[in-house]
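In listed order, ligands and their atoms are each counted from 1.
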Amino acid sequence: MKHQRHPLAYDSSELPTSWAEPWKIKMVEHIRLLPHDARQQAIATAGWNTFLLPSSDVYIDLLTDSGTSAMSDRQWAALMTGDEAYAGSKDFYELERTVQEVYGYKHFIPTHQGRGAEHLLSQILIKPGQLVPGNMYFTTTKFHQEYAGGVFADVIVDAAHDPTSTLPFKGNVDLDKLANLVTSHGAERIAYISIEGTVNMAGGQPISIENLRAVRAYCTQHRIPLMLDATRLVENAYFIRKQEPGWGDTSIAAIVKELCSLSDGCTVSAKKDGLVNIGGFLAVNDDLLAEKARALVVAFEGLHTYGGMAGRDMGALAVGIRESLEYDYIRARVEQVAYLGARLERFGVPVVVPYGGHAIYLDAKRILPHLDQETFPAQRLAAELYLEAGIRTMERGIVSAGRAPDGSNYRPALELVRLTIPRRVYTQSHLDVTSEAVARVCARADTLGGLRMVYEPEHLRFFQARFEPL
Ligand SMILES: *Cc1c(COP(=O)(O)O)cnc(C)c1O
């Protein structure tokens with residue numbers, strides 16, 4: 001007897017092939033959505049600044065991917081065997097070996113987090129008045145450069161300032177801008193060039209190997225050191241493998257090492273790619289530079305074999321660095337971000353393209369075109385998302401950019417709200433809820449007014465500034 005095959009609703013050649021997270025959940029953390037009136041009270045108490053909300057009042061926390069990763073069972077196991085000796089912890093040596101192997105630098109100096117490493121590097125390499133060119137700026141990086149007397153100079157490609165440009169490597173350096181700067185000021189007035197992997201402030205945009213090679217060649221010719229901010233270099237490596245011609249078959253580990261080989265050293269916040277909740281380091285090739293850094297680290301961070309980290313944290317970081325290089329992991333991480341971006345675009349929400357490695361950025365200028373930049377549209381939009389659905393995001397616009405030396409507000413071209421995805425923490429359902437909440441806010445955007453700043457701290461004002469609705 002012949003059996004009739006059940007008729008399928010699709011042609012099997014058209015069936016999509018989805019990917020899934022290369023992990024399953026072993027422990028859960030409860031979250032809850034406060035009622036609307038409680039959220040209203042919470043944001044007013046927080047001065048309309050999402051940084052000032054208690055996390056217990058937050059439902060889905062997309063403030064940052066910094067220190068918010070879920071550690072693996074292997075990392076938790078490393079915590080339990082951490083060696084808390086003041087000097088010479090076994091976990092220091094394990095981490096040192098890992099950093100030397102993965103990133104390829106000769107010297108490793110642990111710090112409490114990324115800004116600790118930036119502080120040491122800036123104090124050692126920058127003479128007052130010197131310029132520090134970079135592919136856009138990062139808040140703490142620029143702060144430490146200026147604190148050491150340096151002057152930041154932006155040499156990123158123009159496309160990075162255009163949220164609608166779909167160029168694949170918007171983190172690239174504009175070599176003409178760099179050459180003009182060096183020619184007009186002289187190479188001796190350049191402290192070093194500071195290159196960030198997946199440029200956070202540009203929307204998480206990567207730099208290509210081809211571009212970094214050209215920058216390196218130029219710097220070598222003019223004897224200018226090249227320092228990497230390797231905080232999100234693994235995510236940058238994923239983009240290179242996915243979209244830079246010739247790298248499609250290369251391992252993520254080999255691409256990371258290639259990028260580092262084009263520099264003299266790096267600073268790292270281990271709270272991002274490193275898959276730990278706290279930590280950072282400075283790694284350099286030059287012996288004298290390392291000696292100076294070890295002299296400073298004991299004054300500002302801790303002994304040179306812990307630099308502010310507990311032994312167990314160094315152990316967990318060594319495991320986290322290796323896990324971050326696994327292709328299945330980094331693909332799921334970056335593609336989860338793209339999933340959120342694609343859903344938002346389907347709802348017609350203006351976002352920065354291409355999608356970043358760690359976050360999706362809402363274009364507040366296009367969502368709230370009726371608000372003047374001096375009334376903080378992105379700050380308002382971030383607060384509104386909390387009011388709408390208990391979702392916490394952050395402003396990346398005029399508040400974050402701070403003030404120029406003459407006291408006026410910098411007016412950055414980009415006025416964005418960042419939806420940052422913690423690593424291995426949220427499921428696609430959380431991102432579905434998020435995208436729908438953003439769409440609802442956008443639908444009533446014309447009813448939203450601006451804010452005025454009622455308290456402004458002296459440094460890095462976005463963390464603690466307070467606002468009131470106009
Ligand atoms: C987070 C971050 C830093 C600063 O690191 P912390 O660990 O927060 O001190 C520096 N650079 C980049 C690109 C970052 O994302």
> Quick one: does Lys272 get an N or O within less than 3.5 Å of an N or O on ligand 1?
Replying inline: yes
> Which residue holds the protein heavy atom closest to atom 8 (O) of ligand 1, what is that atom called, and what is the gap in Å?
Replying inline: Arg115 NH2, 3.0 Å
>> Need the ligand 1 atom indices (1-based, order shown) with element for anything under 4.0 Å from a heavy-atom of Lys271.
In response: 7 (O)
> What atoms in ligand 1 come closer than 4.0 Å to a heavy atom of Gly114?
Replying inline: 5 (O), 6 (P), 7 (O), 9 (O)
> Any sub-3.5 Å donor-acceptor pair from Gln130's side-chain atoms to Lys127's backbone N or O?
Replying inline: yes
> Going by the atom numbers of ligand 1, which of them fall below 4.0 Å from some non-hydrogen atom of Arg232?
Replying inline: 13 (C), 14 (C), 15 (O)
>> Considering only residues two or more places apart or on different chains, which pairs with a residue in residues 294-317 satisfy salt bridge (charged side-chain N to carboxylate O under 4.0 Å, His left out)?
In response: Glu84-Arg312
> Looking at residues at least two apart in the chain, or sitting in another chain, which of them share a salt bridge (Lys or Arg N to Asp or Glu O under 4.0 Å) with Asp65?
Replying inline: Arg232, Arg333, Arg423
> Which heavy atom of the protein is the closest neighbour of atom 7 (O) of ligand 1, given with residue, atom name and distance?
Replying inline: Ser269 OG, 2.6 Å
>> Please report whether ligand 1 has a polar contact with Gly116, defined as an N or O pair separated by less than 3.5 Å (distance criterion only).
In response: no
> In the protein, which heavy atom is nearest to atom 10 (C) of ligand 1, and how far is it?
Replying inline: Glu118 OE2, 3.0 Å
> Sub-3.5 Å donor-acceptor pair from the side chain of Arg461 to the main-chain atoms of Ala465, do we have one?
Replying inline: no
> For atom 3 (C) of ligand 1, what is the nearest protein heavy atom, given as residue, atom name and distance?
Replying inline: Phe138 CE2, 3.4 Å
>> Check whether Glu395 reaches the backbone of Glu415 with its side chain - one donor and one acceptor, N or O, closer than 3.5 Å.
In response: no
> Quick one: which ligand 1 atoms are inside 4.0 Å of a heavy atom on Asn200?
Replying inline: 15 (O)
> Does the side chain of Thr140 pick up a donor-acceptor pair with the side chain of Arg115 at under 3.5 Å?
Replying inline: no
> Between Lys257 (side chain) and Glu101 (backbone), is there a donor-acceptor pair under 3.5 Å?
Replying inline: yes
> Given Asp229, Thr420, Thr140, Val268, which one has a non-hydrogen atom that is nearest to atom 11 (N) of ligand 1?
Replying inline: Asp229
> Do we get Arg97 above Phe92's six-membered ring, with its NZ or CZ under 6.0 Å from the centre and within 45° of the axis?
Replying inline: no
